[in-house]
Amino acid sequence: MAPSADTADSANSTGVPLKPRKDSARPRIIKPIPKDAAALERERLIRAHLPPLPAEKQSHPVKTFLATQFYRLVLAVIHLIFNTYLRIRYVYNTIVNRGYSILYYHHRTPQLIQKDVKQLGRLPNHLSVILDYDKGDRVSGLDTLIDDVAEIACWCASAGIPMLSVYERTGVLKGYITTSHRAIAQRLHAYYGKERPTLRVRAPHSTTFVNGDAPGDNAELEDADLEILFISEEDGRESLVDLTRTLCEMAQRGKISVDDVSQDLIDAEVSGTLMTEPDLLIIFGPTVQLKGYPPWQVRLTEMFHVKDNEGVGYQVFLRAMYKYANAEMRFGR
């Protein structure tokens with residue numbers, strides 16, 4: 001006799017759990033949908049053009065370990081060889097630089113510098129240098145930077161180079177034009193005595209200082225024997241961006257046409273607002289890093305640097321003069 005509904009409710013109320021039905025415990029099996037003949041034919045045609053499936057690789061722990069150790073050994077050997085080469089190159093370049101510095105020391109005598117460059121066929125009319133500013137020690141770093149500028153200025157004056165542009169990325173020299181002018185003038189006095197060359201120190205959009213640490217006008221600037229220009233990163237790409245924006249605005253207002261914008265126009269504007277293209281660029285560093293140098297001004301510039309060189313040295317300056325004198329200017333030919 002089957003139990004009634006009241007009996008089932010009373011059994012649930014006693015707290016004894018009821019066993020689930022066997023049918024509800026069975027997992028549901030999803031049967032795949034059969035494919036029609038057209039789908040099977042398409043799959044067969046596509047599978048014929050597919051690459052074969054890669055075979056499962058069997059794991060070999062010992063072989064894998066030995067291969068990894070071998071690759072590490074090869075990497076260590078390559079690193080050792082390259083490191084040895086760098087050390088040998090550094091020692092060789094250091095010895096060569098020290099030899100040049102001993103053989104061609106100027107002794108702060110303009111006549112010796114003139115003798116070193118007298119046999120050269122040509123000298124740059126505009127020399128540019130890239131110097132670094134040590135931000136770690138603000139006072140000592142600035143003094144070293146100004147001292148290097150003064151030395152290079154004396155070398156240029158002795159060799160007969162009328163234009164020197166000094167690139168320092170942060171532009172700290174622009175805030176010390178008066179101090180730099182005074183330091184350069186004192187160094188020139190140490191080289192030449194009372195008959196030192198006339199000096200002009202300036203920066204873009206800043207006051208120009210001539211002999212006597214006084215601002216000068218354009219008439220006085222033309223008679224300077226040595227002109228020094230301080231430039232920084234802000235005078236590079238930003239100046240080209242400003243020039244491009246100005247030309248676009250003038251074209252929109254109808255003041256100039258698109259055909260008027262040419263390379264000669266850009267050359268004239270850049271040269272007038274910043275500087276002319278330098279003939280020679282000396283990088284006083286171990287590698288060639290322009291560090292944001294104005295890009296338009298170095299299209300045809302001869303660049304020189306000495307590997308593994310640290311700091312400003314007369315031997316680097318003299319080797320750059322020889323390199324420039326022997327360089328062949330093809331100008332795209």
Side-chain angles (χ1 to χ4, degrees), residues 124 126-156 161-187 199-210 213-216 218 221 224 226-246 266 269-299 301 303-305 310-312 316-317:
H126 180 185
L127 173 66
S128 185
V129 297
I130 297 179
L131 301 179
D132 292 328
Y133 169 56
D134 186 9
K135 297 181 180 180
D137 190 350
R138 182 177 178 83
V139 178
S140 177
L142 182 60
D143 293 340
T144 302
L145 182 61
I146 295 177
D147 184 75
D148 291 340
V149 173
E151 280 293 327
I152 299 173
C154 293
W155 302 339
C156 291
I161 300 174
M163 177 67 183
L164 171 64
S165 57
V166 181
Y167 176 82
E168 193 280 318
R169 187 168 191 171
T170 63
V172 65
L173 288 173
K174 295 181 179 180
Y176 296 89
I177 297 181
T178 305
T179 305
S180 301
H181 181 275
R182 186 177 296 107
I184 297 170
Q186 293 176 356
R187 190 64 54 86
L199 178 64
R200 169 191 177 187
V201 180
R202 67 182 182 90
H205 314 293
S206 300
T207 304
T208 303
F209 286 82
V210 295
D213 292 341
N218 294 331
L221 302 179
L226 177 62
E227 179 181 353
I228 300 177
L229 174 65
F230 294 152
I231 56 178
S232 62
E233 186 177 17
E234 64 182 6
D235 300 318
R237 294 179 177 85
E238 293 184 4
S239 62
L240 289 179
V241 171
D242 294 339
L243 177 60
T244 304
R245 186 182 297 110
T246 302
I266 298 177
E269 292 294 333
V270 173
S271 301
T273 57
L274 185 58
M275 66 177 184
T276 58
E277 295 184 12
D279 301 314
L280 176 63
L281 173 62
I282 302 179
I283 304 172
F284 289 98
T287 57
V288 179
Q289 295 183 4
L290 298 182
K291 302 178 181 179
Y293 192 93
W296 189 267
Q297 280 75 8
V298 292
R299 297 172 301 154
T301 301
M303 300 183 188
F304 179 82
H305 92 289
E310 296 289 346
V312 176
V316 179
F317 173 83

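Keep in mind that what you see is a predicted model, and the values were worked out from it rather than measured. Positions are given from 1 along the sequence.
- Remark: Phe317 engages Trp155 in a ring pair (Phe, Tyr, Trp, His ring centres under 6.0 Å) (not counting sequence neighbours).
- Residues Val129 and Leu281 have side chains not in contact (no heavy-atom distance under 4.5 Å, counting atoms from C-beta outward).
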Run the side chain to side chain contact (heavy atoms under 4.5 Å, CB included) check on Met163 and Leu229 step by step: do they pass?
CA-CA 8 Å; Met163 177 67 183; Leu229 174 65; 3.8 Å; yes

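- Inter-residue side-chain proximity for Asp279 and Thr301 is flagged as unmet; no heavy-atom pair is nearer than 4.5 Å.
- Here Leu145 contributes atom CG and Glu168 contributes atom CD; the two are 5.5 Å apart, rounded to the nearest 0.5 Å.
- Across Thr178, Ile177, Val149, a single residue satisfies side chain to side chain contact (heavy atoms under 4.5 Å, CB included) together with Val201, and that is Ile177.
- Applying the salt bridge (charged side-chain N to carboxylate O under 4.0 Å, His left out) test to Glu310 and every residue at least two apart in sequence or in another chain returns nothing.
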Run the side chain to side chain donor-acceptor pair (under 3.5 Å) check on Thr144 and Tyr133 step by step: do they pass?
CA-CA 8 Å; Thr144 302; Tyr133 169 56; over 6 Å; no

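- Legend: residues meeting side chain to side chain donor-acceptor pair (under 3.5 Å) with Arg169, ordered by chain and number and at least two apart, are Glu233.
- The OG atom of Ser128 sits 11.5 Å away from the CD atom of Glu277 when rounded to the nearest 0.5 Å.
- To the nearest 0.5 Å, atoms NE2 (His126) and CD1 (Ile161) are separated by 10.5 Å.
- The CD1 atom of Ile282 sits 4.5 Å away from atom CG of Leu127, with the distance rounded to the nearest 0.5 Å.
- The salt bridge (charged side-chain N to carboxylate O under 4.0 Å, His left out) contacts involving residues 170-180 comprise Lys174-Glu234, Lys174-Asp235, where partners must be two or more places apart or lie in separate chains.
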Gln289/Ile130 under side chain to side chain contact (heavy atoms under 4.5 Å, CB included): CA gap, chis, key distance, verdict
CA-CA 9 Å; Gln289 295 183 4; Ile130 297 179; over 6 Å; no

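- A 4.5 Å side-chain heavy-atom check between Tyr293 and Pro278 finds at least one atom pair inside the cut-off.
- Qualifying side chain to side chain donor-acceptor pair (under 3.5 Å) partners for Gln186, counting only residues two or more places apart in sequence or in other chains: none.
- The CZ atom of Phe304 sits 8.5 Å away from atom CG of Leu280, with the distance rounded to the nearest 0.5 Å.
- Interatomic distance, Leu131 CG to Ile146 CD1, rounded to the nearest 0.5 Å: 11.5 Å.
- Side-chain atoms of Tyr167 come within 3.5 Å of backbone N or O of Gly292 as a donor-acceptor pair.
- With sequence neighbours left out, Asp148 forms a salt bridge (charged side-chain N to carboxylate O under 4.0 Å, His left out) with no residue at all.
- Side chains of Arg200 and Ile228 form no contact here, defined as non-hydrogen atoms less than 4.5 Å apart.
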Thr287 vs His305, test: side chain to side chain donor-acceptor pair (under 3.5 Å). Steps then yes/no.
CA-CA 7 Å; Thr287 57; His305 92 289; over 6 Å; no

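- Between Cys156 and Leu226, some side-chain heavy-atom pair lies under the 4.5 Å cut-off.
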